[in-house]
Protein chains: 2
Amino acid sequence: MFNKLHRTAEELIQHSGGRATAGRIRILSILLAEQQAITHREIEQRLPQTLQLDRVTLYRALEWLVGKNLIHKVTSDDRAWRYHANRELHSHQHAHFKCTRCAQVICLSDLSMERSWHLPIGYQFQEIELTVKGLCADCS
Amino acid sequence: MFNKLHRTAEELIQHSGGRATAGRIRILSILLAEQQAITHREIEQRLPQTLQLDRVTLYRALEWLVGKNLIHKVTSDDRAWRYHANRELHSHQHAHFKCTRCAQVICLSDLSMERSWHLPIGYQFQEIELTVKGLCADCS
DNA sequence: ACAATTGCTGCAACATTGTTGCGTTTATTT
DNA sequence: AAATAAACGCAACAATGTTGCAGCAATTGT
Ligand SMILES: [Mn+2]
Ligand SMILES: [Mn+2]
Ligand SMILES: [Zn+2]
Ligand SMILES: [Zn+2]
């Protein structure tokens, strides 16, 4: 099960034309295994003892994966980016849900975000960032 | 013009049943004068030489004003809260626009945010946070 | 196979934004 | 005026992320 993710991660990275280092593969497989979007800290904690990475290296690897479009990152009100693998459903823009009690963040892939609205004159649309807040199933 | 805002700010604060200190009044009048949502830093810069407040005092005053529902704060991807006075239009939830070049943040009061969507089973809705990103009129 | 080049890593130092504890000052109440 | 409560300023701390640089590892060219 883990090996499968590991292989998937390795292939994705090789396909994207970069060096498939042990760190990158491990990070991506951690994000692929996760349902939620998780923080830098949480990724660090999921790294095995045998493959501890420097904080900075982890930050740079994550930025690299974002640039290659293999993961995406989510803004939150607690000043910490959260990262999640780009599965098929995530190729398009989607909203996120954040629990105000336990801080978990999940992706809401079925939330349609068509723009029926308009911006002020002269303003140019680029992207939308939508976070729904509330209590998750465990916390409510 | 400034005096009018100052008076408005003073009344609002007195009405909310707190101490109308010089700092709070000044901060609120600064926010009332501003079209955009601005950061702690920007508020600090708009304070007159004759009324410099400690960083911490400013943070606490802002938090107090938020609690009294006189201002609201906006999450952004640059890890800095932005604050704006609660005018009439702002009593209800609304979206914000952030320029990806100059980082200015404005309120989009006419963007309807009714929820046609649903959350996963067991999840409880509390609030929604919507930021549209793009280029403002000056930057595009 | 070897050397040159490129890119990745780790470390230290720094930056930004915000928070906490606590003693002092200021305003309000009695 | 004295007692109480609220607000303030300072110092220290915390969390998250960034930058510069030297060393190391992988890839490429010969
Ligand atoms: Mn997502
Ligand atoms: Mn607003
Ligand atoms: Zn929760
Ligand atoms: Zn702009």
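Owing to the predicted nature of the structure, the values given are computational and were not obtained by experimental measurement. Each chain gets a letter, A, B and so on, in the order its sequence line appears, and its residues count up from 1.
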Whole-Å distance separating the CG atom of B:Asp78 from the P atom of D:dT16
16 Å
Would you mind telling me which residue lines up with the more 5' stretch of DNA chain D, A:Trp81 or B:Gly23, judged by nearest nucleotide?
B:Gly23
Can you run down the ring pair (Phe, Tyr, Trp, His ring centres under 6.0 Å) pairs that involve residues 21-59 of chain B, sequence neighbours left out, and say none if there aren't any?
B:His40-B:Tyr59
Taking the side chain as C-beta and beyond, is there a heavy-atom pair between B:Leu62 and B:Leu31 under 4.5 Å?
yes
I need the CZ-C1' distance between B:Arg19 and D:dA6, as an integer number of Å.
4 Å
Taking B:Ile27's backbone N and O only, do any of them form a donor-acceptor pair with B:Arg46's side chain (distance below 3.5 Å, no angle check)?
no
Walking along DNA chain C from 5' to 3', note the first and the last nucleotide with an atom under 4.0 Å from a heavy atom of chain B, and give both.
C:dT16 to C:dT28
Report yes if a side-chain nitrogen or oxygen of B:Arg24 is closer than 4.0 Å to either non-bridging phosphate oxygen (OP1 or OP2) of D:dA7; otherwise report no.
yes
Can you work out whether B:Ala22 or A:Arg79 has the more 5'-proximal nearest nucleotide on DNA chain D?
B:Ala22
Between P on D:dT16 and CD on A:Gln45, what's the gap in Å once rounded to a whole number?
10 Å
Is A:Val56 reachable from A:Leu65 through a run of hydrophobic residues whose side-chain heavy atoms are each under 4.5 Å from the next?
no
Using side-chain hydrogen bond (donor to acceptor under 3.5 Å, both in side chains) as the criterion, point out the one residue from A:Lys133, A:His96, A:Lys98 that pairs with B:Glu129.
A:Lys133
Go through D:dC8, D:dA26, D:dG17 for me and flag the one nearest to the B:Thr21 side chain.
D:dC8
Ignoring hydrogens and geometry beyond distance, is a side-chain donor-acceptor pair present between A:Glu11 and A:Thr8 at under 3.5 Å?
no
Between the protein and nucleotides 9-13 of chain D, list every N/O to N/O distance that falls short of 3.5 Å.
from  : atom 1 : to      : atom 2 : distance (Å)
D:dG9 : OP2    : B:Asp54 : N      : 3.3
D:dG9 : OP2    : B:Thr57 : OG1    : 2.8
D:dG9 : O6     : B:Arg60 : NH2    : 2.4

Could you state the CZ-P distance from A:Arg41 to D:dG17, rounded to the nearest angstrom?
10 Å
Can B:Trp81 be reached from B:Ile106 by stepping across I, L, V, M, F, W or Y side chains whose heavy atoms are under 4.5 Å apart?
no
Assign each of B:Ala20 and B:Arg82 to its nearest nucleotide of DNA chain C by heavy atoms, then name whichever residue's nucleotide is nearer the 5' end.
B:Arg82
According to a hydrophobic-cluster definition based on side-chain heavy atoms being under 4.5 Å apart (Ile, Leu, Val, Met, Phe, Trp, Tyr only), do B:Leu70 and B:Leu53 belong together?
yes
Give a yes or no on whether the backbone of A:Arg19 and the side-chain of A:Arg24 come within a donor-acceptor separation of less than 3.5 Å.
yes
